[in-house]
Amino acid sequence: MKLKQYVQNLKSELLQVFDEREAENHLSILLQHFFKLSRVDRVLKAESEVDALKVSEVEKAVEQLREQKPIDYVLKETIFWGFPFYVDENVLIPRAETEELVMLVLENEKELDISILDIGTGSGCIPVALGMERDYRQIDACDVSLEAIEVAKKNAKKHKVKVNFYELDILKSLPQEPFDVVVSNPPYVLEEEIESLQKRVKEYEPIIALTPFGDPLTFYKRMLDEVEHLLKKGGRFYWEIHEDLGLEVVELFKNKPFDQIELIEDIYGRNRMVKARWLG
Ligand SMILES: C[S@@+](CC[C@H](N)C(=O)[O-])C[C@H]1O[C@@H](n2cnc3c(N)ncnc32)[C@H](O)[C@@H]1O
């Protein structure tokens, strides 16, 4: 079959599952992933024949998309910080707002001779992106999920970044020494919100990555309660937060020796990050 015809057929199939914008987006990703074809190639190579083997691989992928499995899990790849990251159902698919958290750390942490810990690292997107940008002295990352740690290690290797990964349940244990910087995008979705999430999130993404169950501030409270085990004197927290809980998170710092407490908006003007310095 000629590429032109194949693209039309594939688009019609995708339109049975997605709206126009999403179908076009998925079409571009599939053509790029399986055939290495850009949008321009679709025109330039319109008359070329498509590889039948690849066509059957795409069919299998479309079958999974019909089940509303996220395309990132279907292809076992997502783009974060402009680079491909391996993902599977053991880790949250990194979100665009987390790139803003990485940017916040990079903007504020220019000194290289520092140690950084990422709590709840998932795919390892945060420490790997930080390590790709800056040669920080030490980058550690932990997660309660051993399967997530395996994924994160793959990504560090893929991008040739040195990160010390370890399994750690931050609600029960603590790292052996404090850090200059602790960054975290912990589970913060409210338990009652889970039901209203899209099927592809609630049925495919790991529930322990989404919600702490019960109190949505669990992880922030724990990090503050144990701050002396997490941060050196003068150390900084950088957290991603639920957009509706900004004021509640900032309130947690009251009566504690912190300064430079800032609630930071994402590019859409939503309260999505908090930073603060511990005075010890
Ligand atoms: C919101 S996801 C963030 C993943 C990744 N950092 C990102 O930004 O895409 C939260 C992560 O916290 C981990 N997690 C959940 N409970 C934890 C615990 N008690 N201790 C350490 N990590 C935990 C989950 O496995 C998950 O990888």
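Counting convention: from 1, in listed order, for ligands and their atoms alike.
Between F237 and F258, the ring planes lie parallel to each other; the angle is under 30°, not in the 30° to 60° tilted range.
Each of Y220, Y188, F219 was scored for a ring pair (Phe, Tyr, Trp, His ring centres under 6.0 Å) with W239, with one residue passing: Y220.
Counting only heavy atoms of the protein, atom 15 (C) of ligand 1 lies nearest to I208 O, 3.3 Å. Taking atom 22 (N) of ligand 1 as the reference point, the nearest protein heavy-atom neighbour is V144 N, 3.2 Å. Closest to atom 11 (C) of ligand 1 among all protein heavy atoms lies G120 O, 3.4 Å. Here the protein heavy atom with the shortest distance to atom 1 (C) of ligand 1 is A209 O, 3.0 Å. The protein non-hydrogen atom at the shortest distance from atom 20 (N) of ligand 1 is I170 N, 3.0 Å. The closest protein non-hydrogen atom to atom 9 (O) of ligand 1 is C125 SG, 3.5 Å. Regarding atom 10 (C) of ligand 1, its nearest protein heavy-atom neighbour is N185 O, 3.4 Å.
Every atom of ligand 1 with a heavy atom of L168 under 4.0 Å away is listed here by number and element: 20 (N), 21 (C). Near P187, the atoms of ligand 1 lying under 4.0 angstrom from a non-hydrogen atom of the residue are 10 (C), 12 (O), 15 (C). If you number the atoms of ligand 1 from 1 as listed, the ones under 4.0 Å from a heavy atom of P94 come out as 9 (O). Near D169, the atoms of ligand 1 lying under 4.0 angstrom from a non-hydrogen atom of the residue are 18 (C), 19 (N), 20 (N). Residue contact check: T98 has heavy atoms under 4.0 Å from atoms 8 (O) of ligand 1. Near F219, meaning under 4.0 Å from one of its heavy atoms, ligand 1 places the atoms 16 (N), 17 (C), 18 (C), 19 (N).
Using a 4.0 Å cut-off between a side-chain N of Lys or Arg and a carboxylate O of Asp or Glu, K76 and D88 do not qualify as a salt bridge. For K275 and E109, the salt-bridge test fails: no basic side-chain N is under 4.0 Å from an acidic carboxylate O. Using a cutoff of 4.0 Å between basic side-chain nitrogens and carboxylate oxygens, K154 and E150 are not scored as salt-bridged.
Between atom 25 (O) of ligand 1 and the options T121, V87, D143, I119, the minimum heavy-atom separation is to D143.
Q176 and H229 share no donor-acceptor pair across their side chains, judged by distance under 3.5 Å alone.
The closest side-chain heavy-atom distance from L279 to K256 is not below 4.5 Å.
One hydrophobic cluster, built from ILVMFWY side chains closer than 4.5 Å, cannot hold both V151 and V161; they sit in different ones.
Listed for the H159 side chain is no donor-acceptor partner under 3.5 Å among the backbone atoms of N155.
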